[in-house]
A.B. asks: 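Once you've had a glance at the structure underneath, I'll fire off some questions.
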Number of protein chains: 2
Amino acid sequence: MDVELLNDDRPAVSTVVTDERRPRKRGRKPANGREEPLNHVEAERQRREKLNQRFYALRAVVPNISKMDKASLLGDAISYITELQKKLKEMESEKDVQQNSPDVDVQMGNNEVIVHVSTPLETHPVSTVINVFKETQVDVVDSKFSASNNTVFHTFVVKTQSGSEQMTMGFFFSPLLTMACERKF
Amino acid sequence: MDVELLNDDRPAVSTVVTDERRPRKRGRKPANGREEPLNHVEAERQRREKLNQRFYALRAVVPNISKMDKASLLGDAISYITELQKKLKEMESEKDVQQNSPDVDVQMGNNEVIVHVSTPLETHPVSTVINVFKETQVDVVDSKFSASNNTVFHTFVVKTQSGSEQMTMGFFFSPLLTMACERKF
DNA sequence: AATCACACGTGAAGC
DNA sequence: TGCTTCACGTGTGAT
């Protein structure tokens, strides 16, 4: 009975409020009018499942998920990524500072070669010790350096100012042990 | 989350095909008398838009997007996050190694105090130089150390083995300048 | 033609 | 009660 082509009244549904242009085509029903391919619906089902699976996996790697909402999850993931990127960039720049540091100069003589290495104090392992020397205003008489297999030794000889008061020096240097282990640089 | 055990649900599925009539509730909708609340459809529209917006933003922060596909995007984002986490964890552990390093020992005498500082060679600024010394098997006769305002100076006196051949030594030490600047440690 | 990926409107479930 | 979020089937443009 209904052989007419009035199936174009469907857009009338959505064009209630200034919907939009719709460059549709005519009579596009799959011949049967009934019964979609059933493949399509299944394929779409799988696509949805895969997507949700990824959402679930994303929740696993992003900490501090504020809400279970999908959009919020994506937002959290985005801010988390940018946060990681920022943190990593900072660390790499710090590394670069440490790597650009050593400045090497070689002087060759007849029987010997003299190698000068200068680096910024900040990133040097003994910086904390040196800084304590400066802060306490003690005189460094001598400083030695030696390297064994895989360890570097620095030895500093410090002169007690005006006749040595061991208690005072102990007061100065006891913080050294703890400072050297705690201080961040 | 919800598992459909009633898979026979295909009754009033598409209102598209058989839309001309209203098989369900009558005159239920407010004011418009026509279609669905129109709020709902608009709300859903906004939700979709927001979600896609987040997807677009996610594409901006994730590099190396293999395909424009949504699922692939999520997959790339996930692997990218885990990659960043891994990289960051490595760097932090390296930092910890550098911070735990300095080992300080203080010996107090009458007129002087001797401070020993030992650190692992790997992270020491002169490690590259020391390693070159080892690799070329030269003898380090003397090594001095001094620190000025904000710079540390290391001076190594190296003895030429068996009568000094400057060309050979130059061959040994010219790589030193470049190596010290390039090598990663 | 067949497949893929997307956006849409719609019913339902949780507050 | 309405508001929000979700899954679903479907239409459609690409490839």
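No hydrogens, no waters, no symmetry mates; every other heavy atom, side chains included, goes into these values. All chains are named by letter (A, B, ...) in the order of the sequence lines, taking the proteins before the strands, and each is independently numbered beginning at 1. Since the structure is predicted, the reported quantities are computational estimates derived from the model, not experimental observations.
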A.B. asks: Classify the ring geometry of A:H124 against B:H154: parallel below 30°, tilted from 30° to 60°, perpendicular beyond 60°.
C.D. replies: parallel
A.B. asks: In whole angstrom, what separates A:L38's CG from D:dG11's P?
C.D. replies: 14 Å
A.B. asks: Is the base of C:dA5 touched by the side chain of A:H40 through a donor-acceptor pair closer than 3.5 angstrom?
C.D. replies: yes
A.B. asks: Relative to each other, are the rings of A:F145 and B:F145 parallel, tilted or perpendicular (30° and 60° limits)?
C.D. replies: parallel
A.B. asks: C:dC8 C1' sits how many Å from B:Q46 CD, rounded?
C.D. replies: 15 Å
A.B. asks: Does a side-chain N or O from A:R48 land closer than 4.0 Å to OP1 or OP2 of D:dC6, or not?
C.D. replies: no
A.B. asks: Rounding to an integer number of Å, can you tell me how far B:M68 CE sits from C:dA5 P?
C.D. replies: 13 Å
A.B. asks: Does the base of C:dC4 carry an N or O that pairs as donor and acceptor with the side chain of A:E44 under 3.5 Å?
C.D. replies: no
A.B. asks: Which nucleotide, D:dC6, C:dA5, D:dA7, lies nearest any side-chain atom of B:R47?
C.D. replies: D:dC6
A.B. asks: Mapping B:V41 and B:A71 onto DNA chain C by nearest heavy atom, which one lands closer to the 5' end?
C.D. replies: B:A71
A.B. asks: Please confirm whether the shortest side-chain N or O distance from B:K70 to OP1 or OP2 of C:dC4 is below 4.0 Å.
C.D. replies: no
A.B. asks: Would you classify A:K50 as touching base, sugar-phosphate or nothing, given that sugar-phosphate means primed atoms plus P, OP1 and OP2, and contacts are heavy atoms under 4.0 Å?
C.D. replies: nothing
A.B. asks: Quick one: A:N39 CG to D:dG11 P, roughly how many Å, whole number?
C.D. replies: 15 Å
A.B. asks: Is any side-chain nitrogen or oxygen of A:K67 closer than 4.0 Å to OP1 or OP2 of D:dT4?
C.D. replies: no
A.B. asks: Any non-hydrogen side-chain atom of A:V62 less than 4.5 Å from a side-chain atom of A:L58?
C.D. replies: yes
A.B. asks: Look at A:R45 together with A:E49 and state whether they make a salt bridge at an N to O cut-off of under 4.0 Å.
C.D. replies: no
A.B. asks: Roughly how many Å is it from CZ in B:R59 to C1' in C:dC6, rounded to a whole number?
C.D. replies: 11 Å
A.B. asks: Taking C-beta and beyond as the side chain, do A:P125 and B:V117 meet within less than 4.5 Å on heavy atoms?
C.D. replies: no
A.B. asks: Starting at CZ of B:F55 and ending at C1' of C:dA5, how long is that distance when rounded to a whole Å?
C.D. replies: 12 Å
A.B. asks: With a cut-off of less than 4.0 Å, is there a side-chain N or O of B:R45 near OP1 or OP2 of C:dG9?
C.D. replies: yes
A.B. asks: Rounded to whole angstrom units, what separation is found between the CG atom of B:D69 and the C1' atom of C:dA7?
C.D. replies: 15 Å
A.B. asks: Would you say a side-chain N or O of B:N52 is under 4.0 Å from OP1 or OP2 of C:dC6?
C.D. replies: no
A.B. asks: Which whole-number value in Å describes the distance from A:E42 CD to C:dA2 P?
C.D. replies: 18 Å
